Amino acid sequence: MLVSIKKSVKYLKPSNTILFFKKNDFAKNVAILAGGTAFSQVLVVTLSPIITRLYTPEDFGTLAIFIAILAILSTSASLKYHLAIPLAEKDEDAVQLLVLSLSINVLYGVLAGVFLYLFTPVIREFENLKVIIPFLWIIPISIIAVGFYQSLKYWAIREGKFRHIARTKVSQNVTLLGMQIGLGLITTGPIGLLLGDAFGRSGGSTTLAVLAWKKIRRLSKEISLKRIREQAIRFKRFPMYSSFSGFFNSSGVQITPLLMA
């Protein structure tokens with residue numbers, strides 16, 4: 001028993017832990033992603049006192065309503081086809097799924113904007129929800145931004161670009177905090193919070209798009225409506241099951257801030 005404990009203690013030494021991460025690619029990739037996320041969260045906590053002095057509690061209430069609506073609508077932005085990108089056997093098939101995800105995302109964002117416009121009279125009936133009406137136009141933009149980032153992120157996962165994904169996590173919060181602080185200094189109301197959130201969600205998308213373009217340019221001749229339709233049918237279980245279940249799960253969680261308002 002004592003011998004086994006000594007072996008365990010020896011294995012947990014810093015040198016052995018570092019060696020473990022160097023040899024284990026999966027553990028190393030997880031550590032990279034976790035490190036990027038942790039650093040970005042520390043950045044948010046560090047600068048939060050500044051933001052809380054630039055905006056009122058009412059502004060943060062509007063942000064909570066905005067995030068709740070966005071979370072519900074953006075869950076199925078690409079009908080979950082982006083999840084299939086790393087699963088495709090060939091790059092030729094994966095690129096069809098990427099184009100499919102991005103196309104559905106843009107169409108979904110436009111339809112969400114039309115839906116919100118038509119739904120505005122209903123929102124006016126709720127006194128505390130009326131504050132979001134002047135900013136509803138930001139939600140479709142955020143939906144498209146979220147969908148683009150998700151699709152490009154899963155392409156990067158397929159390519160093993162975990163360091164780049166970790167950097168985008170940092171750039172997202174840098175963009176979010178930078179815009180919220182900058183706009184908070186020159187404007188009043190929640191517009192800075194909302195635009196910061198919208199642009200922050202797309203932070204790093206340009207970097208991932210440049211990485212993806214290097215291979216997509218080579219595979220562009222392989223893209224066709226026929227092959228896109230084939231991949232859509234092949235992975236049809238994602239929109240059939242994951243998309244609807246994700247929508248209802250997100251609705252169940254996010255409906256609370258809306259009901260509280």
Side-chain angles (χ1 to χ4, degrees), residues 20-40 74-109 142-173 175 200-247 249-250:
F20 169 76
F21 281 106
K22 284 184 176 180
K23 289 185 176 181
N24 192 310
D25 290 337
F26 176 77
K28 181 172 66 176
N29 293 332
V30 170
I32 290 171
L33 292 176
T37 303
F39 179 79
S40 64
S74 65
T75 303
S76 305
S78 61
L79 297 183
K80 299 295 184 179
Y81 272 115
H82 61 276
L83 297 175
I85 293 175
L87 303 178
E89 297 176 359
K90 301 177 181 178
D91 288 339
E92 291 81 359
D93 296 333
V95 75
Q96 315 297 330
L97 290 167
L98 178 61
V99 173
L100 175 64
S101 298
L102 295 176
S103 301
I104 292 175
N105 178 54
V106 173
L107 178 61
Y108 186 94
S142 298
I143 289 174
I144 294 175
V146 170
F148 264 66
Y149 178 78
Q150 285 181 339
S151 299
L152 293 170
K153 183 182 74 172
Y154 276 85
W155 179 273
I157 290 174
R158 177 183 178 84
E159 296 291 300
K161 306 294 185 180
F162 295 98
R163 291 185 183 275
H164 292 83
I165 297 174
R167 290 171 189 164
T168 62
K169 296 295 183 182
V170 178
S171 65
Q172 282 183 337
N173 280 334
T175 303
R201 293 176 186 274
S202 62
S205 295
T206 303
T207 301
L208 297 181
V210 171
L211 290 173
W213 176 246
K214 294 178 180 179
K215 180 166 286 188
I216 293 173
R217 182 173 56 182
R218 180 172 58 84
L219 298 172
S220 59
K221 295 182 180 179
E222 304 292 333
I223 300 174
S224 67
L225 289 175
K226 179 182 177 182
R227 298 193 65 175
I228 290 175
R229 185 168 59 252
E230 289 174 354
Q231 296 304 313
I233 295 173
R234 179 184 177 189
F235 292 100
K236 63 182 179 181
R237 292 188 178 182
F238 283 97
M240 289 175 62
Y241 300 112
S242 299
S243 183
F244 287 106
S245 64
F247 175 81
N249 286 337
S250 180

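Remember, predicted model here, so these are calculated numbers, not experimental data.
- Residue pairs meeting the salt bridge (charged side-chain N to carboxylate O under 4.0 Å, His left out) criterion with at least one member in residues 201-211, sequence neighbours excluded, are Asp197-Arg201.
- The shortest side-chain heavy-atom distance between Tyr108 and Ile143 falls under the 4.5 Å cut-off.
- Partners of Ser74 by side-chain hydrogen bond (donor to acceptor under 3.5 Å, both in side chains), not counting sequence neighbours: none found.
- Within the 4.5 Å cutoff, no side-chain heavy atoms of Glu159 are placed close to those of Leu211.
- When every heavy atom of Ala84 is checked against every heavy atom of Leu97, the shortest pair comes out as O-CD1, 3.5 Å.
- Heavy-atom minimum distance, Ala77 versus Gly147: CB-CA, 4.5 Å.
- For the pair Tyr81 (side chain) and Pro239 (backbone), a donor-acceptor distance under 3.5 Å is absent.
- Evaluation of the side-chain contact (heavy atoms from CB on, under 4.5 Å) rule for Glu92 yields Lys90, Leu219, Glu222, Arg227 as partners, not counting sequence neighbours.
- None of Val99, Leu107, Leu100, Asn105 except one satisfies the side-chain contact (heavy atoms from CB on, under 4.5 Å) rule with Ser103; the exception is Val99.
- For the side-chain hydrogen bond (donor to acceptor under 3.5 Å, both in side chains) test, no residue two or more places apart in sequence or in another chain qualifies with Ser151.
- Every residue two or more places apart in sequence or in another chain that forms a side-chain contact (heavy atoms from CB on, under 4.5 Å) with Arg234 is listed here: Glu89, Asp93, Gln231.
- Among residues two or more places apart in sequence or in another chain, the salt bridge (charged side-chain N to carboxylate O under 4.0 Å, His left out) test is passed with Lys236 by none.
- Annotation: salt bridge (charged side-chain N to carboxylate O under 4.0 Å, His left out) contacts involving residues 96-109, sequence neighbours excluded, are absent.
- Atoms CD and CD, on Gln96 and Glu230 in that order, are 8.5 Å from each other to the nearest 0.5 Å.
- For Tyr149, the side-chain hydrogen bond (donor to acceptor under 3.5 Å, both in side chains) partners two or more places apart in sequence, or in a different chain, are Thr168.
- For Thr75, the side-chain contact (heavy atoms from CB on, under 4.5 Å) test picks out Lys80, Ser250, with sequence neighbours left out.
- Applying the ring pair (Phe, Tyr, Trp, His ring centres under 6.0 Å) definition to pairs two or more places apart or across chains, none involves residues 212-235.
- Among pairs with a residue in residues 82-106, those fulfilling ring pair (Phe, Tyr, Trp, His ring centres under 6.0 Å) read His82-Tyr154, at least two apart in sequence or across chains.
- For Lys221, the side-chain contact (heavy atoms from CB on, under 4.5 Å) test picks out no residue, with sequence neighbours left out.
- Closest of all the heavy-atom pairs between Leu152 and Ser205 is CD1-O, 3.5 Å.
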